[in-house]
Amino acid sequence: MPWRTGPEAWRAGERPDPYRVWLSEVMLQQTTVAAVRDYFRRFTARWPDVHALAAAADADVMAEWAGLGYYARARNLLKCARVVSHDLDGRFPETVEELRKLPGIGPYTAGAIAAIAFDAPAVVVDGNVERVVARIFAVTDPLPGVKPELTRLAECLTPQERPGCHAQAMMDLGATICSPRNPACGLCPVRVDCAGYDAGLQAELPRKAPKPEKPVRRGFAYVAVGPAGGVLLERRPEKGLLGGTLGFPGSDWCEAPDPAPPFAADWQEAGSLRHTFTHFHLDLTVMVARAARPGMTPKAQFRPADLPTLMRKAWNIAEAAISSQQG
DNA sequence: TATCCGTGGCT
DNA sequence: TAGCCAAGGAT
C-alpha cells in the first residue's frame, strides 16, 4: 500500500489508483497494516482492477479473504465492485456523499477514499485520529459518547490545502508516534500544541467506556474424512457469524449445546479449542470420523487456508488426531 | 442507540 | 499462555 508508507508516494503530484485505495481501506477497517499487507498483495495480483474483481466468483473472493475476519466486508466488497463496474463504468465516485451510498463504505472509508484518492477536503476520522485529537485537545470524556465532539475537533484541523496529505499525516501520526500506549512524545512534531501532553494525560487518552464481559459458549464441530482424504465442508449462511464462509458441520453454539453429528458414524473426540469472537468465547469440541459421504471436497481441492481461523484451528486438531490414528 | 461482526499482537 | 486490546459498518 504505497500511499500508506508516507507522503513521498504522491508528493510528485500523481494520485493513487482509487480501486487500490478503496480495497486497502476496506481491508484496514478494524485491522492492522501488518495483517492486511499480504492480503492486499494477493487481491491486487489476482484482480488488478474493479472490473476483474466484479467478475470474480463469490467463493474465490471468500477464500482469498479467509483469515482476515469480519467477513461481511468481503461480501460487501464484491457487491460494491459490481455496482462500480456495472453501473458506474468502473469509476469510483469522488465525493463523500456518493461514496457513502456504496456497500461497505461508511463515514471513515468514504472520507479516506475522497481524501487520499481524490485529494478532496474530507474529514477522515479513524481510531488513530480520534486518539490524536483527544490528546491534542485533552478531551477527557469517554468514547464512544464523545466521538461526535472528536469529529468536530478533527474538522477544525482539516486544511483546505492538501487535505489528502493532512488526512494521511494524522493517521500516520496516530499509527506511529501517537500510539495507544507509551506514545513517543519526544519525537512528536505537534507536542508543543498538545494540551494532553501539557496536562500529563497523553497516555490515558482517549478514555473509553468499560466493555461488557464475554460469556462462554460451547459447540461441536464434525470433521468427516473420506477414504481418499476428502473432507465434508459446508458453506455457512450469508448472514450472521462467519457468514458466507466455509466450515465443518456442527451444533449450535450456546451454553449447553446438544451434539449434532451430520450423519451416523463412529465419531471420536479429537480435542477441543477456545476461540474468542468479538462478543463471546467459544469452546469447541472437535469430533472426527472416517466415512465416505457424497459431496465431499476432494483432498486435492481442500485448502485449509480457505477456511476462517476458527475452522482452520478445528482442522489442525482433526488432522493431528487422524494422522496419529494411522500411526 | 445498541448490538453484532474476527483476528492477531502485545503483555 | 491466556487474557487484553485495538478498531468501522450494518442493522
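Just so it is clear, the model here is predicted, and its values are computed rather than measured. Letters go in sequence order (proteins before strands), and every chain restarts at 1.
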ask   = Of the nucleotides B:dC4, C:dC5, C:dA7, which one has an atom closest to the side chain of A:His279?
value = B:dC4
Distance, nearest 0.5 Å, that separates CG of A:Leu150 from CD1 of A:Ile136 = 11.0 Å
remark   = Ranking B:dT7, C:dA6, C:dT11 by distance to the side chain of A:Arg131, first place goes to C:dA6
query = Between the side chains of A:Arg73 and A:Asn76, does any donor sit under 3.5 Å from an acceptor?
reply = no
task = Rounded off to whole Å, could you give me the CZ-to-P distance for the A:Phe277 and C:dC5 pair?
result = 20 Å
ask   = Is any side-chain nitrogen or oxygen of A:Thr276 closer than 4.0 Å to OP1 or OP2 of C:dG3?
value = no
query = Does OP1 or OP2 of B:dG6 have a side-chain N or O of A:His275 closer than 4.0 Å?
reply = no
message = Between P on C:dA7 and CG on A:Asp126, what's the gap in Å once rounded to a whole number?
response = 7 Å
key: Backbone N/O of A:Asn128 and side chain of A:Asp126: donor-acceptor pair under 3.5 Å   = yes
inquiry  = Whole angstroms only, please: what is the OH-P distance between A:Tyr70 and C:dT11?
reply    = 16 Å
ask   = Between the base of B:dG6 and the side chain of A:Thr309, is there a donor-acceptor distance below 3.5 Å?
value = no
Rounded distance (Å) that lies between atom P of C:dA10 and atom CG of A:Leu241 = 18 Å
ask   = Can you tell me how far P in C:dC5 sits from the matching atom in B:dC5, rounded to whole Å?
value = 22 Å
message = Please report the distance separating the C1' of B:dC10 from the corresponding atom of C:dG8, rounded so that it comes out in whole Å.
response = 22 Å
P gap between C:dA7 and B:dT11, integer Å = 15 Å
inquiry  = Rounded to whole Å, please give me the gap between CD in A:Gln30 and C1' in C:dG9.
reply    = 8 Å
remark   = note: A:Arg217, atom CZ; B:dG6, atom P; distance rounded to Å ~ 12 Å
message = Is it the case that the side chain of A:Arg191 and the backbone of A:Cys185 share a donor-acceptor pair, with hydrogens and angles ignored and the cut-off at 3.5 Å?
response = yes
ask   = Under 4.0 Å: is that the gap between some side-chain N or O of A:Thr278 and OP1 or OP2 of B:dT7?
value = no
task = To the nearest Å, give me how far apart CG (A:Leu310) and P (B:dG6) are.
result = 10 Å
ask   = Which listed nucleotide (C:dG3, C:dA7, B:dG6) is nearest to the side chain of A:Arg274?
value = C:dG3
First of A:Arg181 and A:Gly243 reached from the 5' end of DNA chain B, by closest nucleotide = A:Gly243
Counterpart residues, ring pair (Phe, Tyr, Trp, His ring centres under 6.0 Å), relative to A:Phe302 (two or more places apart) = A:Trp315
N or O in side chain of A:Asn128 less than 4.0 angstrom from C:dA7 OP1/OP2 = yes
request  = For A:Leu102 and for A:His281, find the nucleotide of DNA chain C with the closest heavy atom, then tell me which residue's nucleotide is more 5'.
outcome  = A:His281
ask   = Just checking, any donor-acceptor pair under 3.5 angstrom between side chains of A:Thr109 and A:Gln29?
value = yes
ask   = Nearest of C:dG9, B:dG6, B:dG8 to any side-chain atom of A:Thr109?
value = C:dG9
request  = Starting from P on C:dG9, measure out to CD on A:Gln29 and report it in whole angstrom.
outcome  = 5 Å
ask   = What distance, rounded to whole Å, do you find between the two C1' atoms, one in B:dG6 and one in C:dC4?
value = 15 Å
